[in-house]
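See structure below.
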Amino acid sequence: MNQIHPSAVIEEGARIGEGCQIGPFCHIGPEVVLGARVTLKSHVVITGDCEIGDDTEVFSFAVLGEIPQDLKFQGEKSRTVIGKRNRIREHVTVNAGTEGGGGVTRIGDDGLFMAGCHIAHDAIVGDRVIVVNSAAVAGHCVLEDDVIIGGLSGIHQWVRIGRGAIIGAVTMVTNDVIPYGLVQAPRGGLDGLNLVGLKRRGVTRSDITALRAAFQMLAQGEGTFQERARRLGDETESAYVEEIVAFITGQTDRSFLTPGG
């Protein structure tokens, strides 16, 4: 049931699901697992211990599962796990994990990874994430569900980006971004909330109002950023605001982008 071009190289040990289409000059390594109905256009390289979920489509010259661009990597066993229904465009690179980062790079379901973007070692990427052309996500980053990374942007290692946040084009993000945040400018300032994304997702007017009030309190309230967040948690009844509070008060290796900062 599979359609495999004669020029494709599939090494012994690779597991290919039903209904896959593997185009010209693709190279599939011996530890690769392809789910059902995966499409590889042409010249795609999938190597290492790499798993690709059902109905994912990979375009020409993408390289998935290759060893990390990390000088600390010493050839240890590590993995790359990519979920279902992802669309991975031309020249995208996704590197395997490292021992120091947990040993796995993981991408969820229903993502869109546009031409030339990079997902580095040990990154954890949620569902429905969009990474636009030539953006780079560094090692150990966490991108929660529904995040959008604009074109030519760079996400610094260890940064967490909360659910539903949006990063504008040509932006360098060096600190954590709260859920539903809007970040733009060359050095990544937190300029507001991703209101367009919230409305598209059908978030109620009352929750959006609560989020806007919470953002103002984080921007202008008394005390430190962490103290303002904890005070928000004591006062709010909105699940969306509670999510921001949990994100800010959770464990992190970075500081935060703050409103106006």
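Basis for what follows: all heavy atoms, side chains included, without hydrogens, waters or symmetry-related copies. The first residue of the sequence shown is numbered 1, and numbering continues consecutively from there.
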Do [X] and [Y] sit within salt-bridge range, that is, some charged N less than 4.0 Å from a carboxylate O?
{"X": "Arg106", "Y": "Glu51", "answer": "no"}
{"X": "Asp55", "Y": "Arg37", "answer": "yes"}
{"X": "Lys41", "Y": "Glu57", "answer": "yes"}

Partner of Glu222 under side chain to side chain contact (heavy atoms under 4.5 Å, CB included), picked from Arg231, Glu227, Met217, is Arg231
Report yes or no: do Thr252 and Asp176 form a side-chain donor-acceptor pair below 3.5 Å?
->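 Short answer, yes.
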Backbone N or O of Gly233 within a donor-acceptor pair of the Thr236 side chain at under 3.5 Å?
->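 Judged by distance alone, no pair lies under 3.5 Å.
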Is there a donor-acceptor pair closer than 3.5 Å between any side-chain N or O of Asp207 and the backbone N or O of Thr204?
-> no
All pairs passing salt bridge (charged side-chain N to carboxylate O under 4.0 Å, His left out) where residues 109-122 contributes a residue, at least two apart |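 Those involving residues 109-122 are Arg85-Asp110.
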For Phe225, enumerate each residue passing the ring pair (Phe, Tyr, Trp, His ring centres under 6.0 Å) test, keeping only those at least two apart in sequence or located in another chain.
-> Phe256
How many angstroms lie between [atom1] in [X] and [atom2] in [Y], if you round to the nearest 0.5 Å?
{"X": "Asp54", "Y": "Thr56", "atom1": "CG", "atom2": "OG1", "value": "7.5 Å"}
{"X": "Ile148", "Y": "Ile130", "atom1": "CD1", "atom2": "CD1", "value": "4.5 Å"}
{"X": "Thr105", "Y": "Asn95", "atom1": "OG1", "atom2": "CG", "value": "7.0 Å"}
{"X": "Glu144", "Y": "Ile124", "atom1": "CD", "atom2": "CD1", "value": "11.5 Å"}

Are Arg160 and Phe247 in a cation-pi contact, defined as NZ or CZ under 6.0 Å from the six-membered ring centre and within 45° of the axis?
->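 Yes - Arg160 lies over the ring of Phe247, closer than 6.0 Å to its centre and within 45° of its axis.
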